[in-house]
Peer 1: 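I am attaching a structure below and will ask some questions about it afterwards.
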Amino acid sequence: MGEDLLPKAYDPTLIENRWYNFWEENKLFAAAENKTGSEYSIVIPPPNVTGSLHMGHAFNNTLQDILIRFYRMNGYNTLWMAGTDHAGIATQNVVEKQLAAEGLTRQDLGREKFIERVWSWKEQSGGVIINQLKRLGCSCDWDRERFTMDEGLSKAVREVFVRLHEQGLVYRGDYIVNWCPRCHTALSDLEVEHEDATGNLWHIRYPVENSDESLVVATTRPETMLGDTAVAVNPEDERYKHLIGKYAILPLVGRRLIIIGDPVVDKEFGTGALKVTPSHDLTDFELSLRHNLDKVTVMDYHGRINEQGIHFNGMDRYACREAIVKELDEKGYLVSIQPYTVGLGRCYRCKDVVEPLISKQWFVKVAPLAEKAHNAVKNGKTRIVPEHWTKTYYEWMTNIRDWCISRQIWWGHRIPAWTCQDCGEVIVARQDPMECPKCKCSNLAQETDVLDTWFSSALWPFSTMGWPDQTELLKAFYPTTCLVTGFDILFFWVARMMMMGLEFMGDVPFRDVYIHALVRDEHGKKMSKSLGNIIDPLLMMDKYGTDAFRFTLSAMAAQGRDIRLSEQRIDGYRHFMNKIWNAARFSLPYLDGAPNRVSQTDAVSLALPERWILSRLNAAVTEVRSALEDYRFNDAAQALYQFTWREFCDWYIEEAKIPLTGGDEAAARATAGVLRHVLDSLMRLLHPFIPFITEEISSKISPDSQSIMNGPYPSPEETTVDPEAERCMNLLMDVITSVRSIRAEMNLPPAKKLPVLVVPAAREEADLIQANRELVTLMARASDLQIADPDGNMEPPKMSATAVVGELKVFVPLEGIIDPDVEISRLEKELAKVEKELAQVQKKLSNENFLAKANPEAVEKQQARHGDLTAKQEGLNASLERMRLLRQ
RNA sequence: GGGCGGGUAGCUCAGCGGGAGAGCACCGGCCUUACAAGCCGGGGGUCACAGGUUCAAAUCCUGUUCCGCCUACCA
């Protein structure tokens with residue numbers, strides 16, 4: 001054996017950066033621009049430029065990288081399109097916070113200066129997450145990196161907006177929208193997070209005009225009464241029916257409120273009478289449209305009461321609530337207060353409570369777009385994996401409401417609409433207009449609003465590839481093969497890409513959508529800063545290595561189930577990396593000059609362990625490939641773990657030591673060849689999951705090849721499938737394990753070599769063990785291995801421990817060492833187990849219905865089991881009897 | 001209110017019609033020259049509960065219950 005080629009313990013820090021730089025410098029991630037016929041493409045869910053890699057990113061991108069590397073190694077022309085999202089509100093908030101630290105607001109700077117400031121912030125700190133993705137090993141085609149505010153993508157955004165407008169799918173109007181008083185902008189329905197909060201239901205008495213009667217309304221938001229313009233009751237409600245058409249008088253304000261009947265009012269809820277505030281409640285807004293009611297806005301964009309709010313003018317919404325309740329109480333209008341759980345809407349960016357407010361906004365009419373997107377999934381154009389998400393997708397697509405796309409912020413794509421200040425004409429155009437097409441004046445004012453960030457994200461699969469130009473890239477890679485994303489943005493992003501892709505490319509944006517779960521903490525809680533349960537992926541990579549971290553994520557990526565991640569688990573897979581490292585460390589010195597691959601003719605003449613490991617390798621290859629093709633990342637990872645550790649390391653390497661360290665040169669060469677082939681294949685199989693360590697080891701196996709990144713990925717090889725070898729090895733392994741087990745249960749030290757007597761049931765068993773005598777001797781740590789003549793009548797040594805493997809018996813003579821009582825209880829325990837199983841089998845076999853109705857294979861299997869178990873039972877009983885006699 | 005997912009070994013989870021599995025943790029024995037981040041052996045589960053279908057149910061159906069998530073204009 002030569003010198004140590006590798007350090008004893010695997011140290012990821014020594015190799016990860018080196019390999020990543022090598023890959024990048026050699027352009028190994030680059031896609032060929034022109035179509036080859038076998039393309040594989042993924043567009044990255046673009047992280048926010050403000051972002052820093054969190055566990056969700058790490059998981060999401062690990063899965064993408066596995067797919068990309070897998071298909072790249074399989075010879076596909078592979079494109080992983082990368083980039084970042086400008087994240088309107090989020091980014092603006094970050095920069096505004098910076099300004100605030102300097103005592104400034106964005107208004108102090110003005111729009112232009114502020115945007116310049118955001119850009120310079122982006123240039124300086126926007127690349128952080130990209131470097132973190134590189135740290136994770138992501139093999140994106142970085143030369144094509146895009147940003148949603150790039151010139152090209154902005155052109156696409158404008159083109160889409162104008163076309164939608166031309167088609168009448170974009171419109172502008174005064175509607176009630178979700179307003180964030182903190183961010184000062186409208187939000188789409190999706191951008192509002194709902195939560196339950198403790199509140200009250202206040203019952204307030206509204207007197208009926210010219211009458212002694214009064215109506216009691218129930219509300220969770222008494223301050224909105226300032227904007228009431230009606231009271232609604234259910235037209236079927238006997239209590240109030242007679243009041244419909246009459247008027248109530250709004251307490252404190254004195255406004256006359258018409259009493260209307262409408263079926264939306266639930267007779268059972270509260271008092272059955274609903275105060276109607278069209279400007280500050282969605283239901284009420286819609287009521288006002290049906291009944292032609294006045295709208296009185298009482299709150300401004302800061303969430304403060306405005307001049308319509310009588311003496312409450314200028315008060316904050318919550319202060320006003322208190323004040324109003326107090327005054328109502330003092331004046332005798334407050335009937336009662338009930339504790340009540342209210343649903344609160346919060347801004348998804350700043351968490352402030354959202355106000356429904358009426359304002360002028362731009363909307364996309366989504367119904368026609370949604371219908372196409374719905375059908376595309378229904379017709380199988382796009383497949384959602386796991387399949388159950390399709391239902392959620394349909395649900396949303398059918399109940400979808402128009403999409404509010406205008407935002408009253410500065411950072412984003414400014415809406416390409418102008419209003420003529422002279423004649424009021426609204427112009428929507430691709431190029432900035434110089435004059436009003438109607439009155440020819442040049443007094444035009446551009447819309448100040450920008451578009452919802454998700455508007456540009458919706459175009460990502462084609463805008464990144466150069467659309468609206470018909471580029472080679474689009475021809476080659478659109479539709480993309482697969483989108484990998486979390487379900488949290490199924491509606492925000494996936495659904496909208498479907499709509500836009502179908503509308504503007506005439507085809508779906510991706511063939512498959514793989515929806516993965518969320519990464520939670522070890523107790524199943526969502527990771528969040530406020531809970532303090534964040535696990536930082538960068539820290540994990542530093543501490544345990546990127547490969548161990550990636551492998552953990554993939555091993556836990558079972559479909560449809562959230563991941564509960566614990567650091568301990570990552571540490572566990574770090575051990576796996578070390579195991580791989582040491583398997584290579586053992587193997588490498590023998591591989592010099594070993595045959596590169598095992599030829600088919602070689603395979604036949606190989607020794608049993610070689611034939612066995614090749615057959616097992618083939619099984620692993622088949623399983624890993626099929627698992628990855630089905631997005632069963634965890635199955636693939638588990639198969640690799642089991643094969644590597646249990647089969648390759650625990651058994652094969654141990655067996656290989658015999659020929660490798662023994663004298664026969666031809667046998668050593670054959671084994672070295674197989675060892676090389678299996679190790680090389682294993683590195684390739686593992687590479688998509690753990691790219692760094694596998695590349696390092698591969699480079700030691702084959703110093704002349706550039707990288708295994710380019711493949712090939714191992715394919716199943718029929719010729720290595722060898723059920724006979726597997727059957728034989730299983731028998732040998734059982735024999736070996738049975739001896740080890742006896743040793744351990746008898747409390748004998750491993751160093752103690754034991755004589756072993758094997759009594760085979762048949763000639764071929766005897767031959768098999770004879771042929772592998774050295775292997776069994778070594779691995780069972782036998783001092784002497786005797787094989788009885790299967791035809792002879794062998795009387796076992798009196799004082800010996802027994803194990804039964806099928807019909808074969810193993811005796812370990814232990815004269816003077818063994819305590820018969822210990823052996824008896826050991827045998828009894830074993831017998832009890834066997835008999836319990838036997839009882840189950842017998843029950844089945846004595847059931848006529850089973851024999852008649854079960855499929856023949858199942859019956860055969862049970863019969864075979866019955867035979868095995870009976871033989872085992874007999875063997876154990878014989879030994880027990882012998883032991884009992886000896887004791888007397 | 002509607003929808004979805006889940007309750008399997010101490011923990012985290014596979015399995016989803018025919019012998020209850022893995023990793024970690026645990027117990028016992030080992031520094032056997034690749035690896036103590038290791039090796040060998042072992043213990044541990046009426047598969048949430050109740051019915052049903054079936055020759056056969058952790059696995060399929062129905063109901064109950066607990067947990068989690070998504071969605072919604074009961075103020």
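Reminder, nothing fancy here: chain letters follow the sequence lines and each chain counts from 1. Just so it is clear, the model here is predicted, and its values are computed rather than measured.
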Peer 1: Within the structure, does a side-chain N or O atom of A:H575 lie under 4.0 Å from either OP1 or OP2 of B:C35?
Peer 2: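 It does not, given that no N or O in the side chain of A:H575 lies less than 4.0 Å from OP1 or OP2 of B:C35.
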
Peer 1: If I take atom CZ in residue A:F648 and atom P in nucleotide B:C39, what distance separates them, rounded to the nearest angstrom?
Peer 2: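 Those two atoms, CZ and P, are 14 Å apart.
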
Peer 1: Mind checking if A:D266 touches a base, just sugar-phosphate, or nothing, with heavy atoms under 4.0 Å?
Peer 2: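 Base, at least one base heavy atom under 4.0 Å.
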
Peer 1: Kindly check if the number of other-residue, nucleotide or ligand heavy atoms within 6.0 Å of CD (A:Q863) is above 12?
Peer 2: yes

Peer 1: Among the nucleotides B:A75, B:G28, B:A14, which one has an atom lying closest to any side-chain atom of A:D635?
Peer 2: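 Within the option list, the nearest is B:A14.
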
Peer 1: Establish, with yes or no, whether the OP1 or OP2 oxygen of B:G19 is under 4.0 angstrom from a side-chain nitrogen or oxygen of A:K836.
Peer 2: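 So the side chain of A:K836 is outside the cut-off, no N or O lying under 4.0 Å from OP1 or OP2 of B:G19.
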
Peer 1: Does A:K579 contact B:C35 through a side-chain donor or acceptor facing the base, at a distance under 3.5 Å?
Peer 2: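 Donor-acceptor pair under 3.5 Å: yes.
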
Peer 1: Before accepting this row, confirm whether a basic side-chain N of the pair A:E623/A:R632 lies closer than 4.0 Å to the acidic partner's carboxylate O.
Peer 2: yes

Peer 1: Is the phosphate of B:A34, meaning OP1 or OP2, less than 4.0 Å from a side-chain N or O of A:K657?
Peer 2: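 Yes, A:K657 has a side-chain N/O under 4.0 Å of OP1/OP2 on B:A34.
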
Peer 1: With a 4.0 Å cut-off on heavy atoms, is A:F576 in touch with a base, just the backbone sugar-phosphate, or nothing at all?
Peer 2: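 Here A:F576 touches no strand at all.
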
Peer 1: Using a strict 4.0 Å threshold on nitrogen-to-oxygen distance, state whether A:R221 and A:E355 make a salt bridge.
Peer 2: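 Looking at A:R221 and A:E355, the cut-off is met.
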
Peer 1: By the 4.0 Å heavy-atom rule, please label A:M556 as base, sugar-phosphate, or nothing.
Peer 2: sugar-phosphate

Peer 1: Scan A:E654 against the nucleic acid and name what it touches under 4.0 Å (heavy atoms): base, sugar-phosphate only, or nothing.
Peer 2: base

Peer 1: For A:L518 and B:U12, give me the distance from atom CG to atom P, rounded to whole Å.
Peer 2: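 From A:L518 CG to B:U12 P: 17 Å.
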
Peer 1: Under 4.0 Å between any heavy atoms, over every strand shown, what does A:E268 touch: base, sugar-phosphate, or nothing? Just pick one.
Peer 2: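 No contact.
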
Peer 1: I'd like to know if A:R740 reaches the base of B:G41 with its side chain, counting only an N/O donor and acceptor under 3.5 Å.
Peer 2: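 In this structure, the two groups form no donor-acceptor pair.
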
Peer 1: Would you mind telling me which of B:C30, B:C35, B:A25 lies closest to the side-chain atoms of A:N582?
Peer 2: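 Between B:C30, B:C35, B:A25, the one nearest the side chain of A:N582 would be B:C35.
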
Peer 1: Kindly indicate, with the supporting measurements, whether the criterion side-chain hydrogen bond (donor to acceptor under 3.5 Å, both in side chains) is fulfilled by A:S336 and A:H203.
Peer 2: CA-CA 5 Å; A:S336 63; A:H203 289 75; 3.3 Å; yes

Peer 1: As a test of reading the structure: which of B:C40, B:G23, B:G19 is closest to the side chain of A:R569, going by heavy atoms?
Peer 2: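 Side chain of A:R569 sits closest to B:G23.
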
Peer 1: Between A:K267 and A:D237, is there a side-chain N and carboxylate O pair less than 4.0 Å apart?
Peer 2: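 No.
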
Peer 1: Base, sugar-phosphate alone, or nothing: which one does A:I653 contact when heavy atoms must sit under 4.0 Å apart?
Peer 2: base

Peer 1: Can you check the distance between B:G18 and B:U59, where both ends of the measurement are the P atom (answer in whole Å)?
Peer 2: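 Those two atoms are separated by 11 Å.
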
Peer 1: Answer yes or no: is there an ion pair linking A:E286 with A:R290, defined by an N-O contact shorter than 4.0 Å?
Peer 2: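 Looking at A:E286 and A:R290, the cut-off is not met.
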
Peer 1: Base, sugar-phosphate or nothing for A:A218? Non-hydrogen atoms, less than 4.0 Å.
Peer 2: base

Peer 1: Whole-Å distance between B:C40 C1' and A:W651 CH2?
Peer 2: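 That distance rounds to 10 Å.
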
Peer 1: Specify the separation, in whole Å, of atom CD1 of A:I697 and atom P of B:A34.
Peer 2: 16 Å

Peer 1: Does a side-chain N or O of A:Y340 approach OP1 or OP2 of B:C74 to a distance below 4.0 Å, or not?
Peer 2: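 Checking B:C74 against A:Y340, no side-chain N or O comes under 4.0 Å of OP1 or OP2.
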
Peer 1: Rounding to a whole Å, what distance do you find between A:Y573:OH and B:C24:C1'?
Peer 2: 9 Å

Peer 1: Base, sugar-phosphate, or nothing for A:T220, non-hydrogen atoms under 4.0 angstrom?
Peer 2: sugar-phosphate

Peer 1: Can you check the A:Q863 CD to B:G18 C1' distance for me, whole Å?
Peer 2: 14 Å

Peer 1: Among B:G41, B:A75, B:C4, which nucleotide has an atom closest to any side-chain atom of A:K391?
Peer 2: B:C4

Peer 1: Classify A:D284 by what it touches in the nucleic acid, base, sugar-phosphate, or nothing, heavy-atom distance under 4.0 Å.
Peer 2: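 No contact.
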
Peer 1: Round to the nearest Å and state the distance from A:L201 atom CG to B:A75 atom P.
Peer 2: 8 Å

Peer 1: Taking atom types as they are modelled, is there a donor-acceptor pair under 3.5 Å from the base of B:A56 to the side chain of A:Q862?
Peer 2: no

Peer 1: Among A:D228, A:D281, A:T229, which one satisfies side-chain hydrogen bond (donor to acceptor under 3.5 Å, both in side chains) with A:K275?
Peer 2: A:D228

Peer 1: At 4.0 Å (heavy atoms only), tell me whether A:R781 reaches a base, stays on the sugar-phosphate, or touches nothing.
Peer 2: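 If one applies the 4.0 Å heavy-atom cut-off, A:R781 turns out to touch a base.
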
Peer 1: Identify whether any heavy atom of A:R632 sits under 4.0 Å from a base atom; if not, whether one sits that close to sugar-phosphate; answer base, sugar-phosphate or nothing.
Peer 2: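 A:R632: no heavy atom of the nucleic acid under 4.0 Å.
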
Peer 1: Quick one: which of B:C73, B:G19, B:C24 gets closest to the side chain of A:K861?
Peer 2: B:G19

Peer 1: Looking at A:S741, does any N or O in its side chain come under 4.0 Å of the phosphate oxygens OP1/OP2 on B:G42?
Peer 2: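 For B:G42, OP1 or OP2 has a side-chain N or O of A:S741 closer than 4.0 Å.
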
Peer 1: Does a nitrogen or oxygen in the side chain of A:K833 sit under 4.0 Å from OP1 or OP2 of B:G43?
Peer 2: yes

Peer 1: Identify whether any heavy atom of A:W645 sits under 4.0 Å from a base atom; if not, whether one sits that close to sugar-phosphate; answer base, sugar-phosphate or nothing.
Peer 2: sugar-phosphate

Peer 1: Using a strict threshold of under 4.0 Å (side-chain N to carboxylate O), is an ion pair present between A:R865 and A:D868?
Peer 2: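 No, this pair does not count.
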
Peer 1: Looking across every strand, which nucleic acid part, if any, lies under 4.0 Å from A:V265 by heavy atom: base, sugar-phosphate, or nothing?
Peer 2: base

Peer 1: Whole angstroms only, please: what is the CD-C1' distance between A:E191 and B:U71?
Peer 2: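 Taking CD of A:E191 and C1' of B:U71, I get 17 Å after rounding.
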
Peer 1: Do any side-chain nitrogens or oxygens of A:R564 fall under 4.0 Å of OP1 or OP2 in B:U12?
Peer 2: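 Checking A:R564 against B:U12: at least one side-chain N or O falls below 4.0 Å of OP1 or OP2.
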
Peer 1: If you look at every strand shown and take non-hydrogen atoms under 4.0 Å, does A:T737 touch a base, only sugar-phosphate, or nothing?
Peer 2: sugar-phosphate

